[in-house]
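Worksheet: the structure to be examined is printed underneath.
Order of appearance sets the numbers: ligands from 1, and atoms from 1 within every ligand. Model, not experiment: these values are computed from the prediction.
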Amino acid sequence: MAVTRTFSIIKPDATRRNLTGAVTKMLEDGGLRVVASKRIQMRKEQAEGFYGVHKERPFFNDLVAFMTSGPVVVQVLEGEDAVARNREIMGATNPADAAEGTIRKTFAESIEANSAHGSDSDENAKIEIDFFFTADEIVG
Ligand code: ATP
Ligand code: MG
C-alpha cells in the first residue's frame with residue numbers, strides 16, 4: 001500500500017456541536033495526518049458543484065441546504081491507502097448501519113447530517129482536493 005491523500009469535510013452538524021477536534025482526533029488516531037485544513041462557509045453554488053454527481057437524487061436540494069447551513073472544515077488527509085482508511089474511520093453513510101467506534105456511529109444525527117464526508121476514490125479525491133485547495137495550502 002502506498003501513502004496517498006484523500007479529501008474530508010467535517011459537516012455543519014459536527015461544527016455546530018463543537019466536534020471539530022473530536023472528529024479530527026478520530027481521523028488522526030486512525031492513522032491519517034491532516035496536511036491541509038480550513039474552516040469555511042460553503043456558498044450554495046459551491047455545494048451544488050461539489051455534489052454535482054448527486055443532482056438527480058431526491059435528496060439533492062436538502063443536501064445543499066444542509067451543507068450551507070453552517071461552517072464546515074475542509075481537510076486534506078494523508079496516510080496509507082487514505083481513501084479507504086478514511087471511509088473505514090467514518091463508517092457507513094447511514095449512522096444506523098455504521099460500525100461501533102466510527103465517526104458516523106458516534107456522532108451522526110441522521111443519514112443526511114452524518115458529520116463527515118470522505119472521497120470515494122483516488123480520482124475523486126484529487127478532484128475534490130483541487131476544488132477547495134491550492135497546492136501551496138497543502139503542507140505534508
Ligand atoms: P460522503 O460523500 O458525504 O462521504 P457517502 O459517500 O457515504 O458520503 P453519498 O452516497 O456520496 O454517501 O451521499 C452523499 C451525502 O448525501 C451523504 O453523506 C449524506 O449526507 C447525503 N445522503 C446520502 N443519501 C441520502 C439519503 N437517502 N437521504 C438524505 N441524504 C442522503
Ligand atoms: Mg460520497
- Does the separation of the ring centres of F132 and F7 fall below 6.0 angstrom? yes

- Query: Which of these, F60, F59, F7, has its nearest heavy atom closest to atom 31 (C) of ligand 1?
  - Reply: F59

- Message: Considering M90, H117, E112, E128 one by one, which has a heavy atom nearer to atom 2 (O) of ligand 1 than any of the others?
- Response: H117

- Query: About how many Å separate CZ of R104 and CG of D97, when rounded to the nearest 0.5 Å?
  - Reply: 11.0 Å

- Query: Less than 4.5 Å apart, any side-chain heavy atom of V34 and any of L27?
  - Reply: no

- Query: Does a side-chain N-to-carboxylate-O contact under 4.0 Å join R85 and E88?
  - Reply: yes

- Item | Nearest protein heavy atom with distance in Å, relative to atom 19 (C) of ligand 1 | I111 O, 3.2 Å

- Message: Regarding D13 and R17, does a basic nitrogen lie under 4.0 Å from an acidic carboxylate oxygen?
- Response: yes

- Between H117 and F50, how do the two ring planes meet: parallel, tilted or perpendicular, split at 30° and 60°? perpendicular

- Say whether, by atom type as modelled, one donor and one acceptor occur between the side chain of T4 and the main chain of A82 under 3.5 angstrom. yes

- Note on the structure: If we number the atoms of ligand 1 from 1 as shown, the ones under 4.0 Å from a heavy atom of N114 are 17 (C), 18 (O), 19 (C), 20 (O)

- Query: For atom 13 (O) of ligand 1, what is the nearest protein heavy atom, given as residue, atom name and distance?
  - Reply: H54 NE2, 3.5 Å

- Message: What protein heavy atom lies closest to atom 7 (O) of ligand 1? Include the residue and the distance to one decimal.
- Response: T93 OG1, 2.4 Å

- Closest protein heavy atom to atom 3 (O) of ligand 1, given as residue, atom name and distance to 0.1 Å: K11 NZ, 3.0 Å

- May I ask you to check if ligand 1 and G118 share an N or O to N or O distance below 3.5 Å? yes

- Task: Could you tell me whether F66 approaches ligand 1 through its side chain, its backbone, both or neither, with non-hydrogen atoms closer than 4.0 Å?
- Result: neither

- Message: Measuring from atom 6 (O) of ligand 1, which candidate in M67, R104, R87 has the nearest non-hydrogen atom?
- Response: R87

- Message: So that I can tick it off, tell me whether R5 and E78 are bridged by a salt bridge, with the cut-off set at under 4.0 angstrom between side-chain N and carboxylate O.
- Response: yes

- Looking only at heavy atoms, is any part of L63 under 4.0 Å from ligand 1, and if so is it the side chain, the backbone, or both, or is it neither? side chain

